[in-house]
Amino acid sequence: MVEIDKLLGLMVKKKASDLHLKVPCSPVLRIDGDLKVQTDLPELSGMDIDQVFDSITTLHQKEIFNKDQELDFPTACLASPVSG
């Protein structure tokens with residue numbers, strides 16, 4: 001099970017501007033303009049993506065995603081950077 005707070009904390013720690021999540025891949029961070037696969041993290045399942053998506057989107061955003069099959073949006077991170 002993926003925890004979005006930990007992924008957002010990792011983004012802060014690594015100074016990433018974007019987080020890309022796709023099945024069946026490990027999370028990808030955009031760092032200094034380059035996409036970096038986080039090979040130390042497990043590949044994501046469809047259930048992982050559904051869980052994260054449900055926890056960070058509004059009903060309106062879900063409707064947009066269902067219509068357009070993509071969604072690009074900012075989110076605030078209040079998490080502390082993770083150690084490691």
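As a basis for the values below, the full set of heavy atoms in this structure was taken, side chains included, without hydrogen atoms, waters or symmetry mates.
- Between Lys62 and Asp54 there is a salt bridge, since a side-chain N of the basic residue sits under 4.0 Å from a carboxylate O of the acidic one.
- Here the side chains of Leu19 and Pro27 are in contact, with some heavy-atom distance below 4.5 Å.
- Gln38 is listed as a side-chain neighbour of Lys14, based on a closest heavy-atom distance under 4.5 Å.
- Looking only at distances, no side-chain donor or acceptor of Asn66 sits under 3.5 Å from a matching main-chain atom of Glu63.
- In the hydrophobic cluster analysis, where Ile, Leu, Val, Met, Phe, Trp and Tyr join through side-chain heavy atoms closer than 4.5 angstrom, Val23 is grouped together with Leu41.
- Atom CG of Asp68 has more than 12 neighbouring heavy atoms from other residues, nucleotides or ligands inside a 6.0 Å radius.
- With values rounded to the nearest 0.5 angstrom, Met11 atom CE is found 9.0 Å from Ile31 atom CD1.
- Taking CD1 of Ile56 as the start and CG of Leu7 as the end, the distance is 9.5 Å to the nearest 0.5 Å.
- Once rounded to the nearest 0.5 Å, the distance linking CG of Asp34 with CG of Leu29 reads 12.0 Å.
- Note that CD1 of Ile4 and NZ of Lys6 are 12.5 Å apart. Values are rounded to the nearest 0.5 Å.
- Between Leu44 and Val52 the shortest side-chain heavy-atom distance does not fall below 4.5 Å.
- Counting non-hydrogen atoms of other residues, nucleotides and ligands closer than 6.0 Å to CD of Gln69 gives a total above 12.
- Pairing each heavy atom of Leu71 with each of Phe53, the nearest pair is CD2-CE1, 3.8 Å.
- Checked by atom type and distance alone, the side chain of Ser26 never pairs as donor or acceptor with a backbone atom of Thr39 at under 3.5 Å.
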